[in-house]
Amino acid sequence: MTQLSAAQAGKNSSSDGGKTLYGGKGTRRITVRDIALAKERGEKWPMLTAYDAMTASVFDEAGIPVMLVGDSAGNCHLGYESTVPVTLDEMTMLSAAVVRGTSRALIVADLPFGSYQEGPVQALRSATRLVKEAGVGAVKLEGGERSHEQIRLLVESGIPVMAHIGLTPQSVNSMGYRVQGRGEEAAQQLLRDAKSVQDAGAFAVVLELVPAELAAEVTRVLHIPTVGIGAGVETDAQVLVWTDMLGLTGGKMPKFVKQYADLRSVMGDAAKAFAEDVVGGAFPLEEHSVH
Ligand code: KIV
């Protein structure tokens, strides 16, 4: 087992020990050791995506302990149809911005499609760029058993890995966007995938669009935390895409998204108010002028 045990993790922790991930007041960055301790305490934790420094700084100030520079940036930030076209250069640039905008959160960056599927050495080369050039604390990659060797080499090389199983959006062309793990055979495969990424040394695993009962079983069986998105109430952590969660994305949202704000209306209304002020002469006024 390459993963540090939670007990060992606690012994090595430099500050923040015994504090919660959310609501903790530590001044250093959250590490994967803190994540292991949270699972031991049975503490649930939130993760949000972020793609730029300013948004990330808001979430960092709000106490979000883990931020994912997801390749969902493809659809939610860069205007692509899916995550498939996102490049390692783009992920490196976005990740560096998120790291610069934060001081406490653990920043996890996605390895984009095509940057690790060739094998462990390609995965190590790609992940090394994200760690050295962008400064992230961990990377995420998709796949269970099929990504075992990639995860193992990264972890052995000192790069913490968050795995991602269930619906894996980089495989949209072969898999579509469908619930995964339905039926006995698919459920057994998902369990094998979960154990495989844990055995390879992953510090956490995202379960995307998986039946709630199966996600609960995986969460019970694993000693690393599960991070659910559309995976029911029992996972150790929950992740949402920030533009969905804050109502910026627009269009029909999947059932698993809870919308906490309506930024699309707020921003649209503000843009219209500004335009009307300019056209009608209400902005700028004398008070906005310099002399
Ligand atoms: O890219 C992403 O945002 C993700 C989350 C949906 C887990 O992988």
Under 3.5 Å donor-acceptor, Ser126 side chain and Ser115 backbone: yes
Surrounding CD of Glu133 (heavy atoms of other residues, nucleotides or ligands, distance under 6.0 Å), is the total greater than 12? yes
Evaluate the side-chain proximity of Leu21 to Ile35: yes if any heavy-atom separation is below 4.5 Å, no if none is. yes
Under 3.5 Å, is there a donor-acceptor pair linking the side chains of His291 and Glu286? yes
Side chain proximity check, Ile30 to Arg104, heavy atoms < 4.5 angstrom: yes
How many angstroms lie between atom CD of Glu217 and atom CG of Leu214, to the nearest 0.5 angstrom? 6.5 Å
Any side-chain heavy-atom pair of Glu90 and Tyr80 under 4.5 Å: yes
For a quick check under 3.5 Å, do Thr49 and Ser72 share a side-chain donor-acceptor pair by atom type? no
Identify the two heavy atoms, one from Pro211 and one from Val179, that lie closest to each other, and give their separation to 0.1 Å. CD-CG1, 3.9 Å
side-chain hydrogen bond (donor to acceptor under 3.5 Å, both in side chains), that's the test. Do Thr55 and Asp52 meet it? Break it down for me. CA-CA 6 Å; Thr55 310; Asp52 69 277; 2.7 Å; yes
Is there a side-chain contact between Leu48 and Met245 in this structure, where contact means two heavy atoms from C-beta onward sitting under 4.5 Å apart? yes
Minimum heavy-atom separation for Val227 and Ala204, please, with both atom names. CG2-CB, 4.4 Å
SB check Arg152 Glu156 (cutoff 4.0 Å): yes
Is there a donor-acceptor pair closer than 3.5 Å between any side-chain N or O of Ser196 and the backbone N or O of Asp193? no
Does Ser157 use its side chain to pair, donor to acceptor, with the backbone of Ile159 at less than 3.5 Å? no
Within-4.5 Å side-chain heavy-atom neighbours: Met67 and Leu106: no
What I'd like to find out is whether the side chain of Gln238 reaches to under 4.5 Å of the side chain of Met47, using heavy atoms alone. no
Answer with yes or no whether the side chains of Thr235 and Thr226 bring together a donor and an acceptor at under 3.5 Å. no
side-chain contact (heavy atoms from CB on, under 4.5 Å) between Val218 and Leu190, worked out: CA-CA 8 Å; Val218 172; Leu190 192 98; 3.9 Å; yes
With distance as the sole test, does His148 use its side chain to make a donor-acceptor pair with the main-chain N or O of Glu145 at under 3.5 Å? no
Could you measure the distance from the CD1 atom of Ile229 to the CG atom of Leu240? Nearest 0.5 Å is fine. 5.5 Å
Heavy atoms only: give me the nearest Ala202-Val155 pair and the separation to one decimal. N-CG2, 4.4 Å
Please determine, by modelled atom types, if Tyr116 and Gln170 share a side-chain donor-acceptor pair under 3.5 angstrom. yes
The reported gap from OH in Tyr51 to CE in Met93 (rounded to nearest 0.5 angstrom) is 14.0 Å
Mind checking whether Thr20 and Trp45 have side chains closer than 4.5 Å, heavy atoms only? no
In the structure I gave you, are the side-chain heavy atoms of Leu246 and Gln259 within less than 4.5 Å of one another anywhere? no
Do NZ/NE/NH1/NH2 and the carboxylate oxygens of Asp71 and Lys140 come within less than 4.0 Å? no
Would you say Asp34 and Thr31 are linked by a side-chain donor-acceptor pair, where the criterion is simply a distance under 3.5 Å? yes
With no hydrogens and no angle check, is any side-chain donor or acceptor of Asp244 less than 3.5 Å from a backbone partner on Val257? no
In terms of ring plane angle, is the pair Phe59 and Trp242 parallel, tilted or perpendicular, where the classes change at 30° and 60°? perpendicular
Are Val58 and Met267 linked, directly or through intermediate hydrophobic residues, by side-chain heavy-atom contacts shorter than 4.5 Å (ILVMFWY only)? yes
Test item: side-chain donor near acceptor, Thr102 and Arg29, under 3.5 Å: yes
Heavy atoms of Leu248 and Arg264 approach each other most closely as O-NH1, 2.8 Å
Stepwise side-chain contact (heavy atoms from CB on, under 4.5 Å) check, Asn75 with Glu81: CA-CA 6 Å; Asn75 332 44; Glu81 289 280 316; over 6 Å; no
Val205 and His164: CA distance, side-chain angles, deciding distance, side-chain contact (heavy atoms from CB on, under 4.5 Å) verdict: CA-CA 5 Å; Val205 56; His164 183 155; over 6 Å; no
Backbone N/O of Lys19 and side chain of Arg41: donor-acceptor pair under 3.5 Å: yes
Output for pair (Leu37 CG, Lys39 NZ), nearest 0.5 Å, gives 13.5 Å
If you measure only the distance, is there a donor-acceptor pair under 3.5 Å linking the side chains of Tyr177 and Glu208? no
Is there a path of hydrophobic side-chain contacts, each under 4.5 Å between heavy atoms of I, L, V, M, F, W or Y residues, that connects Ile151 with Val121? no
So OH of Tyr260 and NZ of Lys258: to nearest 0.5 Å the spacing works out to 4.0 Å
Does Met175 CE have over 12 foreign heavy atoms under 6.0 Å away? yes
Classify the side-chain pair Glu185/Gln189 by whether it contains a donor and acceptor separated by less than 3.5 Å. no
Partner of Glu142 by side-chain contact (heavy atoms from CB on, under 4.5 Å), out of Pro169, Pro112, Ser147: Pro169
So which heavy atom on Leu167 is nearest to which on Gly176, and how close? CD1-O, 3.3 Å
Which pair of heavy atoms, one from Gln122 and one from Gly114, lies closest together, and at what distance? NE2-O, 2.7 Å
How about CZ on Arg192, more than 12 heavy atoms from neighbouring residues, nucleotides or ligands closer than 6.0 Å, or not? yes
Rounded to the nearest 0.5 Å, the CD atom of Gln180 sits from the OG1 atom of Thr168 at a distance of 7.0 Å
Val108 vs Val139, side-chain contact (heavy atoms from CB on, under 4.5 Å): CA-CA, chis, key distance, verdict: CA-CA 5 Å; Val108 183; Val139 300; 5.7 Å; no
OH (Tyr22) with more than 12 external heavy atoms under 6.0 Å: no
